[in-house]
Peer 1: 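My questions will all concern the structure given below.
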Amino acid sequence: MSRDQSPELTVPTPRGGSNPMTTPSDTAAPAGAGEGDDSQLLRTRRQKLDTLRERGIEPFAYHFDRTHPTTETLAAFERAEEGGELDEEGRGESVRVAGRIVSWRGHGRSAFAHIEDGYGRIQLYFRLNVLGDERFGDLDLLDLGDWVGVEGPLFRTRTGEVTVLAQEWSLLSKSLRPLPRGKEEVDPETGERVVHSGFADVQSRYRQRYADLAVNPEVRDVFRLRARVVRSLRAFLDERDYLEVETPILQPLYGGAAARPFTTHHNALDMKLYLRIADELYLKRLIVGGLERVYEVSKDFRNEGIDRSHNPEFTMLEFYQAFADYREMMSLVEAMLEGVALDATGGRQVSYQGTRIDFTPPFQRVSFVDELSRALGRDLHDMTDADLRERAKQEVDDQVEGMGRGRLLDKLFGALVESDLRAPTFVVDYPVELSPLAKLHRDDPRLTERFELFVAGRELANAFSELNDPLDQRARFLEQVRLRDAGDDETHPVDEDYLRAMEYGMPPTGGVGIGVDRLVMLLADQPSIRDVILFPTLRPEEGEGG
RNA sequence: GAGCCGGUAGCUCAGCUGGUAGAGCAACGGACUUUUAAUCCGUAGGUCCUGGGUUCGAUCCCCAGCCGGCUCACCA
């Protein structure tokens with residue numbers, strides 16, 4: 001086709017040998033792999049692979065016994081140094097380390113390299129007179145990105161860096177594709193790593209997260225932090241005698257949030273199924289069943305837009321506690337976030353995109369109606385639906401026709417109040433129209449006992465005193481259906497099974513949902529939800545999918 | 001969905017009033033036995049996002065499209 005001939009290639013030859021290289025034909029290339037990807041860089045690495053095999057070096061090893069990870073190796077040397085345990089040449093014990101080659105500085109008859117493992121990096125020093133002609137010559141077949149294992153004593157170079165003097169090395173895995181690695185230097189003043197022309201294209205970074213992780217250590221740190229956050233959330237609840245449970249992702253009926261679902265189809269049952277948009281209705285069934293405290297950390301799926309704070313699949317923590325009301329849950333959320341901030345970052349305050357955020361309880365509390373009334377300049381309760389629709393038209397300039405009062409209030413709140421809520425702030429007591437699963441407020445039937453927590457202008461948690469009156473719940477569902485018929489496509493369907501559960505009797509219960517990705521964003525100081533999800537949802541690359 | 005900005009070598013980016021492209025790093029060959037953004041000499045590497053149009057001639061100008069980023073809207 002377009003690829004008619006391969007240009008002549010220069011290939012490294014074994015030092016002092018007369019090894020005839022394979023011609024750069026396709027014969028060595030497994031069919032399919034890399035086909036059509038005939039860049040010079042890739043072909044060069046393929047040929048090194050062939051040459052390695054010709055020299056009897058297996059490019060993909062099965063195993064390597066290392067004595068320590070890199071960081072421990074360095075620490076061990078320093079201990080030996082302080083303890084006066086080095087030999088007369090200043091050498092420590094022999095170690096075996098393994099990692100990916102991240103830099104290489106050849107000097108003719110010697111070479112320096114750094115390898116990186118899951119913990120850190122360490123410098124290697126290769127010398128011709130240590131390794132011998134053959135093994136030193138074979139180093140020519142290594143590339144940045146290769147995984148190697150090295151054995152030898154530790155010493156300190158003239159510039160003071162603890163280094164492995166390689167007496168033997170082995171190739172653990174050949175890299176056939178160059179990593180998009182920039183050059184790095186370490187600022188001698190601050191000790192900080194400065195990366196020059198690194199891997200920056202955001203789309204490629206998300207798409208090829210493996211390369212992003214391989215090349216950007218700070219990305220690995222974000223996901224380590226994420227794991228600490230999730231572990232801390234679980235520990236907090238486990239300590240309080242909560243039971244971790246798993247409820248269905250595939251559901252015959254969806255509910256628990258106002259969102260459009262994904263649908264799928266089960267072949268054997270020949271039925272439509274929805275991917276869950278929330279865990280809520282199943283977890284409350286468990287409360288009915290007598291599991292007093294339950295929680296679930298799970299993926300939810302919402303078939304809606306994608307932006308910096310929304311990914312179609314995202315991680316939600318929901319927890320429910322019998323006999324608690326929303327006030328009690330508020331205190332619990334405060335304590336939980338304080339604890340998570342401490343566990344994940346070591347402090348109660350974090351800097352998020354230049355703003356200091358303090359998770360020290362108590363958080364501010366404001367009333368939904370007061371805040372929105374102030375923003376509108378009128379008491380909300382005095383405004384008709386038509387008034388609200390008029391204001392919504394002005395403020396959000398959107399198709400507001402067909403929206404019920406609840407949605408209008410929510411739109412206005414989102415447009416006028418939300419983004420100003422920077423410090424952790426509980427917004428409490430939402431109008432009943434926008435909270436179909438929350439109990440009526442004990443002092444004001446126009447409101448529900450509900451709070452949302454906002455941090456940095458974004459919703460982080462949503463909670464209420466759970467509605468446990470099956471008759472009221474049925475009426476709320478029917479109102480949702482009415483709204484759906486009026487054109488709102490994010491309303492709840494009636495869930496008869498859930499109502500049946502309510503009828504058996506649900507104790508008073510407090511429930512909370514926390515967006516885990518958004519929490520990680522805050523604690524890791526990441527501007528986009530895609531930065532805290534390893535493989536965010538993307539349009540498929542050309543040639544993939546539909 | 002709207003506005004703005006962008007898509008050029010593996011990576012990061014230049015590219016003037018239109019004359020079919022450059023740099024640094026990476027790669028390849030050579031020199032160099034304590035370097036660390038190693039250094040020095042040399043070489044190779046391009047569907048300038050795609051398709052039209054204008055023009056003798058388009059990476060550049062025009063139109064359409066695709067993809068991405070940012071802002072806004074949407075997403076309780």
Side-chain angles (χ1 to χ4, degrees), chain A residues 2 7-13 37 39-45 47-48 102-114 121 123-131 136 140 143-145 155-161 163 165 177-188 193-204 206-207 211 215 257-260 277-278 302-312 314 368 395-399 406-411 413-415 418-419 427 430-431 433-438 450 452 459 462 490-491 513 527-528 538-539 541-542:
Chain A
S2 66
E8 202 59 37
L9 280 183
T10 48
V11 171
T13 52
D37 221 350
S39 87
Q40 196 183 51
L41 294 163
L42 299 188
R43 269 179 295 137
T44 302
R45 290 199 176 198
Q47 294 191 343
K48 287 182 180 177
V102 295
S103 69
W104 190 272
R105 295 173 294 283
H107 293 267
R109 293 176 186 82
S110 74
F112 287 93
H114 277 94
R121 51 177 65 183
Q123 180 166 258
L124 311 178
Y125 183 43
F126 299 94
R127 288 175 66 123
L128 176 63
N129 63 352
V130 172
L131 288 168
F136 190 82
D140 286 345
D143 285 297
L144 296 184
F155 73 107
R156 211 176 261 286
T157 62
R158 194 178 289 162
T159 52
E161 181 162 351
T163 301
L165 175 61
R177 184 181 291 274
L179 283 165
R181 181 177 289 282
K183 283 224 143 181
E184 299 171 0
E185 66 180 321
V186 176
D187 190 312
R193 249 168 28 95
V194 183
V195 178
H196 301 269
S197 37
F199 188 37
D201 181 74
V202 287
Q203 189 193 8
S204 304
Y206 299 143
R207 223 178 260 300
V215 152
R260 286 192 292 273
I277 59 172
R302 297 188 183 176
N303 204 340
E304 285 163 354
I306 297 178
D307 67 18
R308 285 212 316 232
S309 56
H310 296 84
N311 194 64
F314 61 100
F368 181 95
E395 301 293 346
V396 302
D397 183 37
D398 200 35
Q399 66 285 11
R407 296 268 292 158
L408 288 169
L409 290 170
D410 186 55
K411 282 261 183 295
F413 191 84
E418 237 172 73
S419 62
V427 176
Y430 281 61
E433 296 88 344
L434 48 78
S435 311
L437 299 167
R450 173 183 180 185
E452 290 196 319
E459 179 193 344
N462 180 27
E490 295 191 357
T491 56
S528 168
L538 298 172
R539 200 180 291 276
E541 268 180 288
E542 226 159 300

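Atom set for the values below is all heavy atoms of this structure, side chains included, hydrogens, waters and symmetry mates excluded. Every value quoted in this text rests on a predicted model; they were computed, and no experiment measured them. Just so it is clear: chains get the letters A, B, ... in the order the sequence lines come, proteins before strands, and each one is counted from 1.
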Peer 1: Which nucleotide in the list B:rU35, B:rA27, B:rC67 gets nearest to the side chain of A:Q203?
Peer 2: B:rC67
Peer 1: Toward the 5' end of RNA chain B, which comes first, A:R127 or A:P436, by nearest nucleotide?
Peer 2: A:R127
Peer 1: Who pairs with A:D410 by side chain to side chain contact (heavy atoms under 4.5 Å, CB included), at least two apart in sequence or on another chain?
Peer 2: A:L434
Peer 1: Using purine N1 to pyrimidine N3 plus N6-O4 or O6-N4 for Watson-Crick, or N1-O2 and O6-N3 for G-U wobble, both under 3.5 Å, which nucleotide pairs with B:rA2?
Peer 2: B:rU71
Peer 1: For a quick check of understanding: with a heavy-atom distance under 4.0 Å over all strands, which category does A:R260 fall into, base, sugar-phosphate or nothing?
Peer 2: nothing
Peer 1: Apply side-chain hydrogen bond (donor to acceptor under 3.5 Å, both in side chains) to A:T157 and list each qualifying residue two or more places apart in sequence or on a separate chain.
Peer 2: A:T159
Peer 1: Going by modelled atom types, is there a donor-acceptor pair between the base of B:rU35 and the side chain of A:T157 at under 3.5 Å?
Peer 2: yes
Peer 1: So if I take every side-chain heavy atom of A:E452 and compare against B:rU33, B:rA76, B:rU12, which nucleotide ends up nearest?
Peer 2: B:rA76
Peer 1: Between B:rC41 and B:rC32, how many Å separate the two C1' atoms, rounded to a whole number?
Peer 2: 12 Å
Peer 1: Partner lookup for B:rG19, please. Criteria are Watson-Crick or G-U wobble with both distances under 3.5 angstrom; report none if nothing qualifies.
Peer 2: B:rC56
Peer 1: Does B:rG42 have a Watson-Crick or wobble mate here (both distances under 3.5 Å), and if so which one?
Peer 2: B:rC28
Peer 1: Do the side chain of A:E161 and the base of B:rU34 come within less than 3.5 angstrom through a donor-acceptor pair of N or O atoms?
Peer 2: no
Peer 1: Taking OP1 and OP2 of B:rU34, is either one under 4.0 Å from a side-chain nitrogen or oxygen of A:R156?
Peer 2: no
Peer 1: Which part of the nucleic acid, if any, lies within contact of A:N129, taking any heavy atom under 4.0 Å across all strands shown: a base, the sugar-phosphate backbone alone, or nothing?
Peer 2: base
Peer 1: Tell me the interatomic distance from A:Y206, atom OH, to B:rG68, atom P, rounded to whole angstroms.
Peer 2: 13 Å
Peer 1: Could you label the plane-to-plane angle of the A:H107 and A:F112 rings as parallel, tilted or perpendicular, counting under 30° as parallel and over 60° as perpendicular?
Peer 2: perpendicular
Peer 1: Give a yes/no answer on whether the side chain of A:R177 brings an N or O atom under 4.0 Å of OP1 or OP2 in B:rG10.
Peer 2: no
Peer 1: Please list, pair by pair, any protein nitrogen or oxygen found under 3.5 Å from a nitrogen or oxygen in nucleotides 43-45 of chain B.
Peer 2:
residue	atom	partner	partner atom	Å
B:rA44	O2'	A:Q40	NE2	2.5

Peer 1: Any strand is fair game: report the nucleotide pairing with B:rC48 by Watson-Crick or G-U wobble, both distances under 3.5 Å, or none.
Peer 2: none
Peer 1: Taking the same atom, P, in B:rU50 and in B:rC11, what whole-Å distance lies between them?
Peer 2: 16 Å
Peer 1: Of the nucleotides B:rA76, B:rG68, B:rC11, which one has an atom closest to the side chain of A:V202?
Peer 2: B:rG68
Peer 1: Rounding to the closest angstrom, what is the interatomic distance between B:rC61 and B:rU8 at atom P?
Peer 2: 16 Å
Peer 1: Given the C1' atoms of B:rC5 and B:rA76, what is the spacing between them in whole Å?
Peer 2: 33 Å
Peer 1: With sugar-phosphate meaning primed atoms plus P, OP1 and OP2, does A:A257 contact a base, only sugar-phosphate, or nothing at under 4.0 Å between heavy atoms?
Peer 2: base
Peer 1: Check whether the side chain of A:D307 and the base of B:rC74 form a donor-acceptor pair under 3.5 Å.
Peer 2: yes
Peer 1: Report yes if a donor N or O on one partner sits less than 3.5 Å from an acceptor N or O on the other, where the partners are the side chain of A:R105 and the base of B:rU35; otherwise report no.
Peer 2: yes
Peer 1: What integer number of Å spans the C1' atoms of B:rU12 and B:rG53?
Peer 2: 34 Å
